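Following: one structure in structure tokens, then a few remarks.
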Amino acid sequence: MKLKNKTTAWVAVAITLVIVSIIGGFLFKDYLYDVVYPPFEETTIFPDDSRENPADTTFTVNGVAIKMIGVKGGKINCKKLRKTIELDDFYIGETEVTQELWVAIMGDNPSVHKDSLLCPVENVSLLDCADFVHKLDSVSGIKFYIQSYPEWLYAAHLGGKDAGTSYYDDKASWYKENSDSISHPVKQTKPNALGVYDMVGNVSEWTISGPDPFFFVMGGSYETEKENCKIDASDFYHADIQVASTGLRLVWYPESPLQYE
């Protein structure tokens with residue numbers, strides 16, 4: 001009996017040591033990865049100054065105009081990521097997706113604040129947004145995308161370089177102290193230097209990037225305090241969450257027309 005008890009104890013110790021070694025190995029591996037590839041502490045952009053911003057373009061889908069702002073490509077070191085991202089020329093929505101466009105495509109309005117169809121759509125999950133973009137593509141024959149975290153940061157920083165204003169003042173964004181706790185119609189604030197409105201404030205914006213299973217939500221909203229309403233501010237949401245202060249913005253790559261099978 002004593003021998004059996006000793007054997008059992010040694011087996012338990014051996015199993016424990018194996019488990020500890022495995023966990024320790026993973027932790028040490030993560031530690032080494034953090035040391036060798038530390039995340040960038042701040043966002044830095046390297047636009048390709050050999051090219052101009054592509055000319056803006058406007059699409060009309062179901063009677064609603066969608067203006068897309070041309071953004072010249074370049075490289076970006078994104079805060080919280082470990083590698084430099086290279087971006088081709090792309091287009092980003094002049095405004096956040098409005099309730100008008102959402103209703104024209106989806107037939108309903110999920111928003112909490114419905115004072116105007118020109119307000120950004122909100123109270124939509126990332127899954128809802130993916131469904132919207134799929135239907136928008138089918139109706140328009142154009143391949144739109146939900147913006148990525150690097151695309152959003154790149155356009156925000158590039159557009160902020162020569163904007164001549166602060167994102168913290170009443171002319172540039174809607175935040176907690178000036179919004180009356182509601183969203184506002186798009187294009188009521190001063191755009192950034194690219195001509196993009198509400199990159200910061202009004203409603204925060206889903207991106208398709210993030211630490212699995214969460215996704216970066218960028219820009220702050222009408223609920224965000226003034227001091228926190230800034231370009232690099234971000235939240236993490238699960239894809240199926242719906243928040244009354246979160247919507248989306250579109251991007252488009254001209255070399256990627258929609259292909260039907």
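Hydrogens, waters and symmetry mates play no part in the numbers below; they use all other heavy atoms, side chains included. Since this is a predicted model, take the numbers as computed values, not measurements.
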Which atom pairs, donor and acceptor, lie under 3.5 Å between side-chain atoms of residues 207-216 and protein residues at least two apart or in another chain?
unit_1 : atom_1 : unit_2 : atom_2 : d
Thr207 : OG1    : Ser209 : N      : 3.3
Thr207 : OG1    : Ser209 : O      : 3.2
Thr207 : OG1    : Phe216 : O      : 3.0
Ser209 : OG     : Tyr149 : N      : 3.1

Residues that, via side-chain heavy atoms closer than 4.5 angstrom, fall in one hydrophobic cluster with Val103: Leu117

For Asp56, all residues meeting salt bridge (charged side-chain N to carboxylate O under 4.0 Å, His left out), sequence neighbours excluded: none

Where at least one partner belongs to residues 97-110, residue pairs that pass salt bridge (Lys or Arg N to Asp or Glu O under 4.0 Å), sequence neighbours excluded: none

Side-chain donor/acceptor of Ser179 to backbone N/O of Tyr222, under 3.5 Å: yes

By side-chain contact (heavy atoms from CB on, under 4.5 Å) - contacts of Glu86 (at least two apart): Lys75

Ser221 side chain vs Glu223 backbone, donor-acceptor pair below 3.5 Å: yes

Residues which pass salt bridge (charged side-chain N to carboxylate O under 4.0 Å, His left out) with Lys187, listed by chain and number, not counting sequence neighbours: Glu94

Pairing residues for Asp48 by the salt bridge (charged side-chain N to carboxylate O under 4.0 Å, His left out) criterion, not counting sequence neighbours: Arg51

Non-neighbouring partners of Glu205 that pass salt bridge (charged side-chain N to carboxylate O under 4.0 Å, His left out), sequence neighbours left out: Arg249

All side-chain hydrogen bond (donor to acceptor under 3.5 Å, both in side chains) counterparts of Thr95, not counting sequence neighbours: none

With sequence neighbours excluded, residues passing side-chain hydrogen bond (donor to acceptor under 3.5 Å, both in side chains) with Glu151: Ser148, Tyr253

Residues that Trp102 engages under ring-ring contact (aromatic ring centres under 6.0 Å, His included), provided they are two or more places apart: Phe132

Residues that Asp232 engages under side-chain hydrogen bond (donor to acceptor under 3.5 Å, both in side chains), provided they are two or more places apart: Thr43, His157

Salt bridge (charged side-chain N to carboxylate O under 4.0 Å, His left out) evaluation trace for Asp137 with Lys143: CA-CA 5 Å; Asp137 292 350; Lys143 184 65 176 176; 3.7 Å; yes

